[in-house]
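From a predicted model like this one, the values you see are computed outputs, not experimental measurements. Start at 1 and go down the list; that is how both ligands and their atoms are numbered.
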Amino acid sequence: MSAGSPKPPRFPLGLDSVGHGAVRSRAKPEPRAVLRPQRPLHEAARDASRQATPQGLGLDSQPVRERMIALLRREGIRCEPVFEAMRRVPRHAFVDTALANQAYEDTSLPIGLGQTISKPSVVARMIELLFDGAQARTHGSLGGTLEVGTGCGYQTALLAHLARRVVSIERLKPLFDKAGTNLSAWRLDHVRLVHGDGRLGHAPNAPYDSIIAAAGGEDVPQAWLDQLAVGGRLVAPMHRGGGRGQVLVVIDRHAHGCQRTEHEAVHFVPLKSGIA
Ligand code: SAH
């Protein structure tokens, strides 16, 4: 389905007006603590009662998003395009109202069915890695983008600002429906939501300049490699094997093969097979 809607947007996104400024290129990633985009649900529920949003800052106001961006800068993120997208996408609109007061903290939150919206710092870091790829460096855009694991649709909305076209796949029907509802607040004619098994990618719109996954598997599915364009980049959490946890894996596809690099340790929900 396409996430389009005849309704006027609740939150004007100005999809065409986002600047794609220079992105700092890092030859060697600095070592960081393990990124935990999906923390245990009981911790999120416990924190729901903390009322952590500063008094006097409404969730619709720009200062709460600027605070979040300032926090991400302190954590080492340097990707101006992703900050620009984060200014425009109201994260609180993608989570339950009971959790909205935590939407601009650097924390993951439950979105139902045992899944979570990823931490802003991890979302920003993964998109930053995509922006360091050849496609984005050359064209200032993520180009045609495949997202695996739509969840509530927050990252999809960010990608919509940064990519020419977004195809996002979710295997759980209730979350696929929820993302469609969340994203229908805007006219996103260049975003296509798919209910399916993202391990298979989405061949009809391939090849993709950028592929990003929000769930961690044991290996990189062959379909993703097959559907990655020459000059394109893939960013995904993957298990290292031997119980050593997950890392962010970057794969660049060149004319004569693929190059794989490993980055920060992360902790994502599992990439599962099939649909439900
Ligand atoms: N970026 C999302 C994160 C959602 S959590 C957000 O902002 O909300 C990861 C999601 O990946 C979950 O919704 C889970 O159902 C989905 N997922 C796991 N395996 C999948 C697969 N094989 N295909 C598609 N989605 C998958």
K.L.:
Output yes when the distance from some N or O of ligand 1 to some N or O of S118 is under 3.5 Å, and no in every other case.
P.N.:
no
K.L.:
Could I get the full list of side chain to side chain donor-acceptor pair (under 3.5 Å) partners for R91, not counting sequence neighbours?
P.N.:
none
K.L.:
What do you reckon, does E170 have a nitrogen or oxygen under 3.5 Å from a nitrogen or oxygen of ligand 1?
P.N.:
yes
K.L.:
With backbone taken as N, CA, C and O and side chain as the heavy atoms from C-beta onward, which portion of L271 lies under 4.0 Å from ligand 1: side chain, backbone, both, or neither?
P.N.:
both
K.L.:
When you measure from atom 9 (C) of ligand 1 to each heavy atom in A214, P221, P174, which option holds the nearest one?
P.N.:
A214
K.L.:
Under the side chain to side chain donor-acceptor pair (under 3.5 Å) test, which residues partner T138, sequence neighbours left out?
P.N.:
none
K.L.:
I'd like to know whether F94 forms a side-chain contact (heavy atoms from CB on, under 4.5 Å) with I111, so could you lay out the CA-CA distance, the side-chain angles of the two residues, the decisive distance to 0.1 Å, and finally the verdict.
P.N.:
CA-CA 8 Å; F94 289 82; I111 55 174; over 6 Å; no
K.L.:
Where on C152 is there a heavy atom closer than 4.0 Å to ligand 1, on the side chain, on the backbone, on both, or on neither?
P.N.:
both
K.L.:
Answer side chain, backbone, both or neither: which part of L175 comes under 4.0 Å from ligand 1, heavy atoms only.
P.N.:
side chain
K.L.:
Please work out whether any backbone atom (N, CA, C, O) or any side-chain heavy atom from C-beta onward of L113 is under 4.0 Å from ligand 1, and answer side chain, backbone, both or neither.
P.N.:
neither
K.L.:
Does an N or O from K272, backbone or side chain, lie closer than 3.5 Å to an N or O of ligand 1?
P.N.:
yes
K.L.:
Answer with yes or no whether G196 contacts ligand 1, where contact means a heavy atom under 4.0 Å from a ligand atom.
P.N.:
yes
K.L.:
Return the minimal non-hydrogen interatomic distance between L183 and G153, and the atom names on each side.
P.N.:
CD2-O, 3.7 Å
K.L.:
Just to check, does P270 reach to within less than 4.0 Å of ligand 1 when the distance is taken from its heavy atoms?
P.N.:
yes
K.L.:
Side chain, backbone, both or neither: which part of T156 comes within less than 4.0 Å of ligand 1 when only heavy atoms are counted?
P.N.:
neither
K.L.:
Could you see which bit of R171 sits under 4.0 Å from ligand 1, with heavy atoms only: side chain, backbone, both or neither?
P.N.:
both
K.L.:
Does I275 have a heavy atom less than 4.0 Å from any atom of ligand 1?
P.N.:
no
K.L.:
Side chains of E84 and H161: do they bring a donor and an acceptor to under 3.5 Å?
P.N.:
no
